[in-house]
Amino acid sequence: MRTWHLLWQQLRRYPSALVGLALIGLFVALSLYAVLAIPYREALLLWRGGEQWQDYPRNAAPAWTNWWRRSKLPETIVVRESSAEATVEETFPDGRRLRMTLAFPYGYGEFPQEMNLFVEADFIESRPFASLLWQTPDGRQFDLGTYRLRGRERISLSQNRDLARRLGAPAHIALLSEPGARPLELTGRVLPGEHRLILDLVMFEDDAEVSTKLISYGRVHGLAGTDHQRRDLMVALLWGTPIALAFGLLAAVGTTVTTLVVAAAGVWLGGWIDAAIQRITEVNMILPMLPVLVMVGALYSRSIWVMLGVVVLFGIFSAGIKMYRAMLLPVRDAPYIEAARAYGAGHWRIILRYMIPRVLPVLIPAFVTLIPSFVFLEASLAVLGLGDPVLPTWGKILNDAQSEGALYNGYYYWVVAPAVMLMLSGLGFAMLGFAMDRIFNPRLRAG
Amino acid sequence: MPDNSQAPVGAAPGSGIWRNLRRLALFTVFRLVALFATVVVGVYLAIFIANMGGMVDQLREAQIRAETAEAVRAEDAFRDLTPLERNQVIEERVQRERARLRLDEPFVVRSIDYLRQAISLNLGRAEYMHSDSGSHRVYSIIGERLPATLLLFGAANLLVFTVSLWLALWLSRNYGGRLDRLVVALAPTSAAPGWFYGIFLILLFSFVLPLLPAGGMVSAPVPETAFGYARSVLRHMALPLLAMFVSSIFVSVYSWRTFFLIYSSEDYVEMARAKGLPPRLIERRYILRPTLPPILTSFALMLIGLWGGAIILEQVFNWPGLGTLVFQAVGHRDTPVIIGTVVIFAYLLAATVFVLDILYAILDPRVRLTGGGR
């Protein structure tokens, strides 16, 4: 307790240490929030993608990018309606004809990204008919075709080529556009006001019901935007935090602690054990770590925990052993260890309780500065396409962005957000580590 | 191994240069044997890992079987055979292919053979990959990529090394100044690797301000004049070079500066100052001279580090170097290429360590006299 207090007293004098601590605190809070707000299983399911994201736009920028835009980009608008609330026009034996009106107020100056109509029809045998009609605020009407409904259906208005040819432009532009001087001429400006989508339904069963959902996909979404699979990037940004911290921390602990114990054991026990440790370290220096990791990822498993295991395994006999050995050699002959031996302390007691604590001050700052390098290692593997297959991580966002040519297509937020997270977490640990280095090793304080 | 650095320096009396030489020769032989053993073990481990302990063989066999079956089925000559006969033909061909690739022998036997060939630098032929000129020889494949890696990483590392040493020496003389504080404050930014800065540099200089190419080594079509070629390569080099420079310069300057500061506060330096020696002389004879071995070590290790380049940086910038080669080789499971790069790296490292040992013996009289120790 006292030592912690003393450490805090010292750290307080370094602004960089305080900034680092604040950043680390922020990331710890963020990981707690992520784990509590989105349970692990749910996060994996969400990141798998698919139909659950169908209401989200594709490659939408974060909503806050509108702050500096003169003409605001639209957000996603969802209008729902069901036949239960629609006006019945006519009933006939075993069926009815009714009219559903989806009011669609549109006030943005820019066109949406895409428009889809989702129709869910509940019937037993006879498929209902639906004819679609678009009404603009100035009273023009466009026939959007007639459909025979299946159970669940996505009527893609924007990707309907025939419709686009008939209207002169993809539906989401043509329908919302201001009319030109001649018919079918488009000005390229949005006609604001209440547009209406009218569905004339004919149902041939008494209990048949139809519910619809008109989605005008926005070009901005949420705090983080979305990717090419319509997934909200926030999921991976949030969940990437605990994963990055866990990976960095575990790898750093796994490599530094084992390395130190092995080095101390070698120095204390000496003889063939020390020689063996030295030789293993030299052999290990020859093996290139990253290619081995790439091999493990390509041939065996891309699970992040397998990668962690390999990293720790290679980290045990790292070049750090040589450094610790140099520090521990003078400790071995220190009088207090002689004293410990005199009262009968065993080998392990001497190694763990007497030798290692002596060099810990040097180790702790190195340990803190090591964490970001492992966080970045995870990202590096992911950028190479060897990221964990199921987990949402920062590196995997970067990898997706790279393979989709995000920078080339101008989706800079897709790269910037995970990069900023990586950079800030790296900076947090590095700033704290560098400050601790100066506290624990007073000789560095000269400057 | 006993701790030699503790041995008394006076162990070698002036009784003769011969004794020193004999010791040096003994030490040399011992180091050579130890280093060679290290290389052998390291290379064998690399062979074992690259084959996943024989797991790659199973994958390869399955692939051979599938390909042969496909080929036999497609061939008109075998159209009329019964399925049984056709299976026989397939089986026969698979066995022949297995024998050709020596997959019918146990992995342990083959791995020893691979090791023998690798150690004698007989790198053999790649299984799938080939060089741009169409050769399957591992030497040609590596040889084709080596200049690209050496050019980019050699330039970057030399630049970082010289600039950081020079700046660190200057800062250690003027520590506490504004520039010094700036370097200390910026040192943590080196937590991010080069490719990370690379992404931003590409964003900034290739897309926002389209000044420089985003990737590759030379523009297409390849410029015809030598001058145009050099210009194009330089333009392509600029961004990756800058990325590496930015990512490592601050921490490099910081650590060298601290290193020099520690040495310049030694008692003998204070003594020299007290004597009133000129600062230039102090710097050269009292600070640089004793710090020469560590500087040399890090310089040599930096040179070694050039081998293999950096997989990710090369991937991000689409640089056709050794890193990309290794990455592709792993993707193709082309073990001869992977092992080839590891073997050359191992030999280079061993040679460097050996040269360093000798250099240490020359530079540091203590090592020379006590028979060496690390």
Side-chain angles (χ1 to χ4, degrees), chain A residues 16 20 267 270-271 274-275 278-280 282-288 290-292 294-300 322 325 329 332-333 369 371-373 375-377 379-381 383-384 398 402 407-408 410 412 415-416 419 422-423 425-434 438 443-444 446-447, chain B residues 1-3 5-6 34-35 37-39 41-43 45-46 49-50 52 55-56 59 171 175-176 180-181 184-185 187-193 195-196 199-200 202-203 206-207 214 254 257-258 261-262 265 308 310-312 315-316 326-327 330-331 333 338 341-342 345-346 349-350 353 374:
Chain A
S16 65
V267 168
D274 190 29
Q278 294 271 83
R279 295 294 92 75
I280 293 173
E282 278 157 19
V283 168
N284 197 19
M285 276 164 71
I286 288 180
L287 293 175
L290 199 57
V292 169
V294 172
M295 273 186 245
V296 170
L299 300 174
Y300 184 55
K322 301 258 178 204
R325 210 178 104 84
L329 274 173
R332 184 183 62 181
D333 303 321
T369 25
I371 295 173
S373 65
V375 172
F376 274 102
L377 178 69
S380 307
L381 287 172
V383 167
L384 284 179
L398 280 177
Q402 279 251 304
L407 292 181
Y408 186 75
Y412 56 91
V415 175
V416 170
L422 275 168
M423 191 72 230
S425 65
L427 268 184
F429 284 107
M431 285 169 115
L432 181 66
F434 274 81
R438 268 177 282 167
R443 284 188 88 178
L444 304 184
Chain B
M1 199 205 281
D3 175 29
S5 63
Q6 300 282 322
L35 282 171
T38 312
V39 169
V41 176
V43 169
L45 271 180
I49 295 171
M52 280 316 221
M55 221 174 78
V56 171
L59 296 174
L171 284 182
Y175 69 84
D180 187 43
R181 281 207 300 260
V184 173
T189 57
S190 297
W195 63 263
F196 183 82
I199 291 178
F200 286 96
I202 293 177
L203 175 66
S206 298
F207 295 115
Y254 173 81
R257 153 200 173 275
T258 345
L261 274 181
I262 289 175
S265 61
I311 294 183
I312 303 164
Q315 285 288 112
V316 167
V326 170
F327 187 68
V330 171
R333 312 217 161 93
I338 302 171
T341 54
V342 173
F345 175 71
L349 187 71
V353 170
R374 297 172 55 105

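The structure displayed is predicted, hence computed values, not measured ones.
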Visitor: Quick check on the interface: out of Ala34(B), Ala46(B), Pro193(B), who has the most heavy-atom pairs with chain A under 4.5 Å?
Guide: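 Counting heavy-atom pairs under 4.5 Å, the top option is Pro193(B).
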
Visitor: Is it the side chain or the backbone of Ile49(B) that comes within 4.5 Å of chain A heavy atoms, both, or neither?
Guide: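 Both backbone and side chain.
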
Visitor: Which one of Pro291(A), Pro372(A), Gly410(A) has the most heavy-atom pairs closer than 4.5 Å to chain B?
Guide: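 The answer is Pro291(A).
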
Visitor: Can Tyr254(B) and Phe434(A) be said to form a ring pair (Phe, Tyr, Trp, His ring centres under 6.0 Å), step by step?
Guide: CA-CA 10 Å; Tyr254(B) 173 81; Phe434(A) 274 81; 5.1 Å; yes

Visitor: Looking at chain B, which one of Leu290(A), Leu427(A), Leu384(A) has the largest number of heavy-atom pairs inside 4.5 Å, strictly under?
Guide: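 Between Leu290(A), Leu427(A), Leu384(A), the count favours Leu384(A).
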
Visitor: Which pair of non-hydrogen atoms, one from Ala419(A) and one from Phe200(B), has the smallest distance, and what is that distance?
Guide: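 Shortest heavy-atom contact: CB-CZ, 3.2 Å.
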
Visitor: Excluding sequence neighbours, so at least two apart, what forms side chain to side chain contact (heavy atoms under 4.5 Å, CB included) with Ser380(A)?
Guide: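 Ser380(A) satisfies side chain to side chain contact (heavy atoms under 4.5 Å, CB included) with Trp195(B), Ile312(B) only.
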
Visitor: What do the steps show when you test Gln315(B) against Val383(A) for side chain to side chain contact (heavy atoms under 4.5 Å, CB included), and what is the final call?
Guide: CA-CA 9 Å; Gln315(B) 285 288 112; Val383(A) 167; over 6 Å; no

Visitor: Report which part of Val296(A) has an atom under 4.5 Å of a heavy atom belonging to chain B: side chain, backbone, both, or neither.
Guide: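 Both parts, backbone and side chain.
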
Visitor: With sequence neighbours left out, what residues match Ser373(A) under side chain to side chain contact (heavy atoms under 4.5 Å, CB included)?
Guide: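 With sequence neighbours excluded, Ser373(A) shows a side chain to side chain contact (heavy atoms under 4.5 Å, CB included) to Leu370(A), given in chain and number order.
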
Visitor: Under the side chain to side chain contact (heavy atoms under 4.5 Å, CB included) rule, what do Arg438(A) and Val184(B) come out as? Steps first, then yes or no, please.
Guide: CA-CA 11 Å; Arg438(A) 268 177 282 167; Val184(B) 173; 3.5 Å; yes

Visitor: Report the C-alpha separation of Val415(A) and Ile199(B) in whole Å, then their side-chain angles, then the decisive distance to 0.1 Å, and conclude whether the side chain to side chain contact (heavy atoms under 4.5 Å, CB included) test is met.
Guide: CA-CA 8 Å; Val415(A) 175; Ile199(B) 291 178; 3.3 Å; yes

Visitor: Counting heavy-atom pairs closer than 4.5 Å to chain A, which one of Ala50(B), Ala37(B), Ser190(B), Ala185(B) comes out on top?
Guide: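 Ranked by contacts with chain A, first place is Ala50(B).
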
Visitor: Below 4.5 Å from any heavy atom of chain B, which atoms of Ile371(A) appear? Answer side chain, backbone, both or neither.
Guide: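 Contact with chain B: none, neither part.
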
Visitor: Against chain B, label Val294(A) side chain, backbone, both or neither, depending on which of its atoms sit under 4.5 Å from a heavy atom there.
Guide: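 The answer is both parts of Val294(A).
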
Visitor: Given heavy-atom pairs under 4.5 angstrom as the criterion, report whether the side chain, backbone, both or neither of Leu171(B) touches chain A.
Guide: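 Answer is neither: Leu171(B) stays 4.5 Å or more from chain A.
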
Visitor: For Val283(A) and Thr38(B), work out which heavy atoms get closest and say how close.
Guide: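 Nearest heavy atoms, Val283(A) then Thr38(B): N-CG2, 3.5 Å.
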
Visitor: Which one wins on heavy-atom pair count under 4.5 Å against chain B: Ala379(A), Ser16(A), Gly297(A)?
Guide: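 Highest number of heavy-atom pairs under 4.5 Å: Ala379(A).
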
